[in-house]
Amino acid sequence: MNLLEQIKENAKKCNKRIVLPEGTEERTLQAADILLGEGIAQIILIGKPEEIKALAEKFELKNIGKATIIDPENHEKKETYADLLVELRKSKGMTKEQALKLVVDPLYLATLMIKSGDADGEVAGAKNATGDVLRPALQIVKTLPGISVVSGAFLLLTNKPEYGENGLIVCADCAVLPNPTAEELAQIAVATAGTARAIAKIEPRVAMLSFSTKGSAKNELVDKVVKATELAKAMAPDVMIDGEMQADAALVASVGASKAPGSPVAGKANVLIFPSLEVGNISYKLVQRIAGIEAVGPVLQGMAAPINDLSRGCSVSDIVNLVAITVNQAAAK
């Protein structure tokens with residue numbers, strides 16, 4: 001069984017409620033039909049019930065009747081959610097009138113459902129930009145205690161068992177924060193270790209990457225990674241974290257033994273933390289395209305509840321996979 005199959009099988013045991021705010025989007029509906037048919041999650045669709053039912057008939061979807069369908073403009077908790085939004089945003093001047101307008105926005109409604117305990121996670125982005133998905137999430141659900149940044153991790157499935165964890169490598173940040181400070185980089189490292197445990201079910205061995213290994217080069221960019229390593233170790237003393245190190249020292253046993261002897265991580269890292277988004281995004285796309293490695297993600301991490309963002313070019317299977325991942329994140333919390 002490959003990793004994605006394992007993630008789906010784990011999700012089936014969890015019975016979590018995932019809200020899909022883009023409930024009338026074609027790929028989202030098709031994915032919901034698969035998810036419901038396979039029992040991967042309880043699905044909440046936001047949209048006009050009559051429109052969703054008509055689309056289900058048009059696309060010959062057999063399982064949409066098992067979903068909970070919420071009409072954003074007419075449901076029994078509209079006032080309750082508006083009151084909650086006023087309470088959460090009163091310091092920003094939120095009024096009841098403004099809140100009543102926002103709660104009909106499916107992206108705001110979805111996050112309010114999570115905050116109220118009426119849903120366990122959210123997947124969106126098939127037709128909305130990342131900023132639109134994250135804005136209500138950060139305003140309402142917010143970040144985990146001790147974490148101030150949201151980052152994006154990818155699962156790299158290499159089919160090369162000598163690397164990572166039997167061929168699996170979790171890496172970040174590849175999607176969100178352009179130039180993290182040392183403090184933010186430490187938070188990303190700790191959050192990614194949590195993602196490795198929650199989704200991949202592996203014990204993380206975290207390498208803080210740079211162009212230097214254990215002082216082999218001197219530069220302010222290296223200094224940032226060194227400081228981030230120290231901070232991350234202090235934040236999560238139960239996690240194996242080491243750095244700074246080059247990618248070959250992190251992944252190749254012989255190189256790790258030579259460049260960083262005695263390191264608990266060098267040569268056997270299964271979690272890679274990139275020093276910047278520029279490095280991370282370029283790196284994962286290169287190995288994905290040139291080496292044919294499957295890259296699953298981004299998985300958003302650092303939120304107080306699992307909220308994940310799709311690419312607008314996503315496929316139906318991408319949505320199915322990300323919902324299954326979101327279920328595993330929700331179960332881990």
Visitor: Starting at CG of L168, measure out to CD1 of I202 and round the result to the nearest 0.5 Å.
Guide: 5.0 Å
Visitor: Looking at every heavy atom in both L251 and A269, which two are closest together, and how far apart are they?
Guide: CD2-O, 3.8 Å
Visitor: Report yes if the side chains of L84 and S116 come closer than 4.5 Å at any heavy-atom pair, otherwise no.
Guide: yes
Visitor: Is it possible for you to say whether M303 and I147 belong to one hydrophobic cluster, with membership spreading through side-chain heavy-atom contacts below 4.5 Å?
Guide: no
Visitor: Please check if the side chain of T158 supplies one atom and the backbone of G167 the other of a donor-acceptor pair under 3.5 Å.
Guide: yes
Visitor: If you take all heavy atoms of I169 and G164, which pair is closest and at what distance?
Guide: CG1-CA, 3.9 Å
Visitor: Got a salt bridge between E51 and K58, using NZ or NE/NH1/NH2 to carboxylate O under 4.0 Å?
Guide: no
Visitor: Is there a side-chain contact between K115 and L88 (heavy atoms, below 4.5 Å)?
Guide: yes
Visitor: Should I18 and L29 be counted in the same cluster of Ile, Leu, Val, Met, Phe, Trp and Tyr side chains packed under 4.5 Å apart?
Guide: yes
Visitor: Would you say the side chain of L109 lies within less than 4.5 Å of the side chain of L102, judging by non-hydrogen atoms?
Guide: no
Visitor: If you apply the rule side-chain contact (heavy atoms from CB on, under 4.5 Å), what do you find for L157 with N2, and how did you get there?
Guide: CA-CA 9 Å; L157 311 181; N2 67 31; over 6 Å; no
Visitor: Taking S212 for its side chain and A217 for its backbone only, find out whether a donor-acceptor pair lies under 3.5 Å.
Guide: yes
Visitor: Return the minimal non-hydrogen interatomic distance between A182 and K224, and the atom names on each side.
Guide: CB-O, 3.6 Å
Visitor: Can you get from I273 to L231 by hopping between Ile, Leu, Val, Met, Phe, Trp and Tyr side chains that sit under 4.5 Å apart?
Guide: no
Visitor: Any chain of hydrophobic side-chain contacts (each under 4.5 Å) joining Y81 to L100?
Guide: no
Visitor: Do the side-chain N and O atoms of E184 and S148 include a donor-acceptor pair separated by under 3.5 angstrom?
Guide: no
Visitor: Hey, mind stepping through M208 and V226 against side-chain contact (heavy atoms from CB on, under 4.5 Å) and telling me if it holds?
Guide: CA-CA 8 Å; M208 308 293 285; V226 171; over 6 Å; no
Visitor: Can you tell if the side chain of I319 reaches within under 4.5 Å of the side chain of Q30, non-hydrogen atoms only?
Guide: no
Visitor: Please determine if R27 and E22 form a salt bridge, counting it only when a charged side-chain N lies under 4.0 Å from a carboxylate O.
Guide: no
Visitor: Honestly curious: do I307 and I44 fall in one hydrophobic cluster under the side-chain, below-4.5 Å linking rule?
Guide: yes
Visitor: Would a 4.5 Å heavy-atom cut-off, applied to side chains only, mark K48 and T24 as touching?
Guide: no
Visitor: Minimum heavy-atom separation for S210 and V222, please, with both atom names.
Guide: OG-CG2, 3.6 Å
Visitor: Report yes if some heavy atom in the side chain of V190 is under 4.5 Å from a heavy atom in the side chain of V239; otherwise report no.
Guide: no
Visitor: Quick one: pull up CG in N15 and CD in Q42 and give me the separation to the nearest 0.5 Å.
Guide: 4.5 Å
Visitor: Can you tell me if K333 has over 12 outside heavy atoms packed within less than 6.0 Å of its NZ?
Guide: yes
Visitor: Establish, from distance only, whether the side-chain atoms of S315 and S317 form a donor-acceptor pair under 3.5 Å.
Guide: yes
Visitor: Using the six-membered ring wherever Trp is involved, compare the ring planes of Y284 and F154 and label them parallel, tilted or perpendicular (cut-offs 30° and 60°).
Guide: parallel
Visitor: Using modelled atom types only, decide if a donor and an acceptor are shared between the side chain of Q98 and the backbone of T95 within a distance under 3.5 Å.
Guide: yes
Visitor: Is it true that S276 and N179 share a donor-acceptor pair across their side chains at a distance under 3.5 Å?
Guide: no
Visitor: What closest approach, in Å, do L322 and P298 show between heavy atoms, and which atom pair accounts for it?
Guide: CD1-O, 4.0 Å
Visitor: Return yes if some donor-acceptor pair links the side-chain N/O of S263 with the main-chain N/O of A260 below 3.5 Å, else return no.
Guide: no
Visitor: Hey, is the main chain of L277 close enough, under 3.5 Å, to the side chain of N281 for a donor-acceptor pair?
Guide: no
Visitor: Got a second to check how far Q139's CD is from L112's CG, nearest 0.5 Å?
Guide: 10.0 Å
Visitor: Do the side-chain N and O atoms of Q246 and K259 include a donor-acceptor pair separated by under 3.5 angstrom?
Guide: yes
Visitor: If you compare all heavy atoms of A305 against all heavy atoms of V141, which two are closest, and at what distance to 0.1 Å?
Guide: N-CG1, 3.6 Å
Visitor: Can you tell if the side chain of L155 reaches within under 4.5 Å of the side chain of L3, non-hydrogen atoms only?
Guide: yes
Visitor: Just checking, is any N or O donor in the side chain of N308 or E122 under 3.5 Å from an acceptor N or O on the other one?
Guide: no
Visitor: Between D242 and K233, does at least one N-O distance fall below 4.0 Å, as a salt bridge requires?
Guide: yes
Visitor: Side-chain contact test, heavy atoms from C-beta onward, threshold under 4.5 Å: evaluate it for L20 versus I46 and give yes or no.
Guide: no
Visitor: Under the rule for salt bridge (Lys or Arg N to Asp or Glu O under 4.0 Å), what residues qualify as partners of K90, not counting sequence neighbours?
Guide: E87
Visitor: Between E244 (side chain) and K214 (backbone), is there a donor-acceptor pair under 3.5 Å?
Guide: yes
Visitor: To the closest 0.5 Å, what do you measure between CG (N328) and CD1 (I40)?
Guide: 10.5 Å
Visitor: Taking L177's backbone N and O only, do any of them form a donor-acceptor pair with D173's side chain (distance below 3.5 Å, no angle check)?
Guide: yes
Visitor: Does the side chain of E203 pick up a donor-acceptor pair with the side chain of N270 at under 3.5 Å?
Guide: no
Visitor: Stepwise, does the side-chain contact (heavy atoms from CB on, under 4.5 Å) test hold for I282 with E278?
Guide: CA-CA 6 Å; I282 291 170; E278 183 176 46; 4.0 Å; yes
Visitor: Given D132 and K127, is the salt bridge (Lys or Arg N to Asp or Glu O under 4.0 Å) satisfied, shown in steps?
Guide: CA-CA 10 Å; D132 294 329; K127 67 175 184 180; over 6 Å; no
Visitor: Under a 4.0 Å threshold between the charged nitrogen and the carboxylate oxygen, would D33 count as salt-bridged to K62?
Guide: no
Visitor: State whether E73 and K78 are salt-bridged, where the test is any N-O pair (Lys NZ or Arg NE/NH1/NH2 against Asp/Glu carboxylate O) under 4.0 Å.
Guide: no
Visitor: More than 12 heavy atoms of other residues, nucleotides or ligands under 6.0 Å from CG of N159: is that the case?
Guide: no
Visitor: side-chain contact (heavy atoms from CB on, under 4.5 Å) for V150 and Q301? Distances and angles first, verdict last.
Guide: CA-CA 6 Å; V150 174; Q301 48 189 24; over 6 Å; no
Visitor: When you measure from the side chain of D118 to the backbone N and O of I114, does any donor-acceptor pair fall under 3.5 Å?
Guide: no
Visitor: So, S283 side chain and G280 main chain: donor-acceptor pair closer than 3.5 Å or not?
Guide: no
Visitor: Test V320 against every option in I325, L35, L4 by the side chain to side chain contact (heavy atoms under 4.5 Å, CB included) rule and name the one that passes.
Guide: L35
Visitor: Salt bridge between E5 and K8, side-chain N to carboxylate O under 4.0 Å?
Guide: no
Visitor: Is R135 paired with D105 through a side-chain N to carboxylate O contact shorter than 4.0 Å?
Guide: no
Visitor: Going from CG on N128 to CG on L310, what distance comes out if it is rounded to the nearest 0.5 angstrom?
Guide: 10.5 Å
Visitor: Would one find more than 12 heavy atoms of other residues, nucleotides or ligands at under 6.0 Å from atom NZ of K201?
Guide: yes
Visitor: Around atom NZ of K13, are there more than 12 heavy atoms from other residues, nucleotides or ligands closer than 6.0 Å?
Guide: no
Visitor: How long is the span from the NZ atom in K53 to the CD atom in E50, to the nearest 0.5 Å?
Guide: 8.0 Å
